[in-house]
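A short write-up of the structure that comes next.
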Amino acid sequence: MGLLIKGGEVVTAEGRSRSDIYIEDETITAIGRSLCVAPGTEEMDAAGKLIFPGFIDPHVHIHLPFMATFAKDTHATASQAALIGGTTTFIEMCCPSRSEDALEGYQLWKQKADGASACDYAFHMAVTRYDDATEAQLREIVRDGTASFKIFLAYKNFFGVNDEEMFHTLKLAAELGVITTAHCENAELVTQLQRQLLAAGKTGSEWHEPSRPEAVETEGTGRFATFLEQTGAAGYVVHLSCAPALRAAVAAKLRGVRLYVESVVPHFLLDKSYAEREGVEGMKHVMSPPLRHKQNQYALWDALQAGLIDTVGTDHCPFDVEQKLLGKDNFTQIPNGIPGIEDRVNLMYTFGVKHGALDIHRFVDALSTRPAKIFGLFPRKGTIAPGSDADLVIYDTEYRGLISAATQHMANDYNGFEGFPIEGRPAAVMVRGKVQVRDGEFVGEPGRGRMLRREPQYGAHKVAQEADADAR
Ligand code: URP
Ligand code: ZN
Ligand code: ZN
């Protein structure tokens, strides 16, 4: 039996139109006015609402053993919170540590999500060590449909890889046609700066940013781009936070490096003064790269509107107050991360689209279409078109509310955006034709989400020297 969504205004990355959407089973089969549908077709009224393609969060942490503890959400809680906020697909970082087996880690992350996630999902496979055995496992993981890697240039001795390992990871990625996402901070500089600050008695959360200054991220971003250039691999900088790192990334794009850029909601809306607050209030706002001087936000918004920042994720990484207090005497032990999977769409709609910083089509592009395209999910996800999955967000632009930990669905006891006003929220959210959310409440089927298997799509790209040699 089909479902007809009537009277809404369909908004995609390309355009907008007042159209009805006809869904059969899990798939959109027709879009238009006065559609011919079978007698008895169920109808859903979307008059006065916008209809967006389901949003895709390209960077989340759910199961995460990190900094002597575990992130708080389960796949059940995080996925339901995601859906309530309009995110119908997330891509989770699968992060076994350097001392663990990559394939065992991958199986563990898959097991945790399977039957628990209420929305669809995929993984980026973290490469936290590179040796022959790991290489063979990575080939198997890509064959299983996980067509993106993750490397950390930061977090020395835990998730971090050295330059030799980065080189071999990128060579393999180029050979297999997968894209590599990267956390770009210089690990050695972070270690040395942390030591200096602690030795000088500077132990509070306000010292987190000075221990990882903009130059440390800019160097990491530039180095990652250079390694992409020399290996011919495609790459994606995660959670870019500041103008100098942005300039390094854009310079690489301009010289033809296949490099995409993500920034995350905290870097658009929060600044380093939040981490400078007294006691645990500051600790709640410790993440890496750190919240920066507010000045950077103007550059990030402009680059987002221009498409130089390709995507907006959350880097959802929930640690509660008790966990944050692990670092009360030493900022280097504050678990890094801020939750956000529930609030990304509403915050970016409010502070981007409603406040005039972001065109509505670029908003859809950055939060849905481009993540789908970059990570091999398009056109199944990321658009509203016949043949696409019926992942839809029917959006109420009249809603007014405030972000609050008291009403959130993420499994955490604080919200880094506490008190931020929201001008719009999903009235209904559908995953593959089934309504999972209505007016801020999960009403659907827990565990309905599926793992999305993806094909490698970044075929061989000649490295600079080979191209030069060919030209000669
Ligand atoms: O502070 C952060 N970003 N925590 C999560 C781990 C990471 O670096 O993405
Ligand atoms: Zn990171
Ligand atoms: Zn992250």
Side-chain angles (χ1 to χ4, degrees), residues 57-73 78 82 90-98 105 109 121-128 148-161 166 180-187 190-191 194 205 208-209 211-212 216-217 220-221 224 235-242 245 249 261-270 272 274-275 282-292 311-320 323-324 326-327 331-341 344 371 375 410 412 414 416:
D57 192 334
H59 182 171
V60 309
H61 303 272
I62 299 173
H63 175 62
L64 185 70
F66 183 44
M67 297 190 73
T69 188
F70 288 83
K72 272 285 154 185
D73 267 312
F90 59 77
I91 313 184
E92 183 184 3
M93 301 292 173
C94 170
C95 293
S97 77
R98 194 171 172 78
W109 258 260
Y121 57 92
F123 296 103
H124 301 298
M125 183 64 211
V127 182
T128 53
S148 47
F149 293 155
K150 168 73 183 283
I151 55 173
F152 294 88
L153 308 193
Y155 310 133
K156 200 174 166 183
N157 300 327
F158 191 68
F159 290 146
V161 288
M166 167 158 64
T180 301
T181 69
H183 174 135
C184 298
E185 288 181 299
N186 184 305
V190 172
T191 303
Q194 286 178 333
S205 61
H208 178 67
E209 199 279 339
S211 76
R212 321 171 84 99
V216 161
E217 183 186 350
T221 306
F224 178 53
Y236 176 100
V237 176
V238 297
H239 52 36
L240 183 133
S241 74
C242 61
V261 178
E262 167 199 277
S263 191
V264 293
V265 183
H267 292 309
F268 287 101
L269 297 179
L270 305 172
K272 74 189 182 99
Y274 285 82
M283 296 179 210
K284 289 176 182 176
H285 295 96
V286 166
M287 66 175 290
S288 295
L291 299 178
R292 300 295 190 193
T311 65
V312 178
T314 54
D315 195 10
H316 174 72
C317 190
F319 296 107
D320 66 13
Q323 292 172 306
K324 288 284 182 182
L326 292 170
F331 71 86
T332 69
Q333 289 168 16
I334 302 169
N336 285 201
I338 299 179
I341 199 167
R344 176 183 65 133
F375 294 116
M410 300 178 285
N412 205 347
Y414 83 94

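Read the numbers this way: they start at 1 and go in the same order the structure lists the ligands and their atoms.
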Inset, instruction - Of the side chain and backbone of D315, name the one, both, or neither that has a heavy atom under 4.0 Å from an atom of ligand 1. - result: side chain

Inset, instruction - Please check if any side-chain donor atom of T69 sits under 3.5 Å from a side-chain acceptor atom of Q323, or the reverse. - result: yes

Inset, instruction - Kindly give the heavy-atom pair with the smallest separation between C94 and F123, and that separation in Å. - result: CB-CD2, 4.2 Å

Legend entry - Interfacing atoms of ligand 1 (cut-off 4.0 Å, heavy-atom, H61): 5 (C), 6 (C), 7 (C), 9 (O)

Inset, instruction - Would you give the length of the straight line joining atom OH of Y121 to atom CD1 of I91, rounded to the nearest 0.5 angstrom? - result: 13.0 Å

Legend entry - Pairwise distance NZ(K284) to OG(S205) - rounded to 0.5 angstrom: 11.5 Å

Legend entry - Proximal ligand 1 atoms for H239, defined as those under 4.0 Å from one of its heavy atoms: 8 (O), 9 (O)

Legend entry - Inter-residue atom distance L153.CG - F159.CZ, 0.5 Å rounding: 14.0 Å

Inset, instruction - On the 0 to 90° scale, with breaks at 30° and 60°, tag the H239-H183 ring pair as parallel, tilted or perpendicular. - result: perpendicular

Legend entry - Subset of ligand 1 atoms that lie under 4.0 Å from at least one heavy atom of H59: 9 (O)

Inset, instruction - Classify the side-chain pair H316/D73 by whether it contains a donor and acceptor separated by less than 3.5 Å. - result: yes

Legend entry - D315 atom (N/O/S) at minimal separation from the Zn ion (ligand 3): OD1

Legend entry - Residue part near ligand 1, for M287, under 4.0 Å between non-hydrogen atoms: both

Inset, instruction - Check all N, O or S atoms of H61 and name the one closest to the Zn ion (ligand 3). - result: NE2

Inset, instruction - Examine H59 and say whether one of its N/O/S atoms is closer to the Zn ion (ligand 3) than 2.8 Å. - result: yes

Inset, instruction - Please examine the side chains of V238 and K150, heavy atoms only from C-beta on, and report whether any two atoms are closer than 4.5 Å. - result: yes

Inset, instruction - Hey, can you tell me if F319 and F66 have their rings parallel, tilted or perpendicular (30° and 60° cut-offs)? - result: tilted

Inset, instruction - Quick one: look up the protein heavy atom nearest atom 1 (O) of ligand 1 and list residue, atom name and how far away it is. - result: S288 N, 2.8 Å

Inset, instruction - Closest by any non-hydrogen atom to atom 4 (N) of ligand 1: pick that one out of I338, N336, T181. - result: N336

Legend entry - Location of contacts on M93 toward ligand 1, heavy atoms closer than 4.0 Å: neither

Legend entry - Atom name in H183, limited to N/O/S, at shortest distance from the Zn ion (ligand 2): ND1

Inset, instruction - Among all protein heavy atoms, pick out the one at the shortest distance from atom 7 (C) of ligand 1; state its residue, atom name and that distance to 0.1 Å. - result: Y155 OH, 3.5 Å

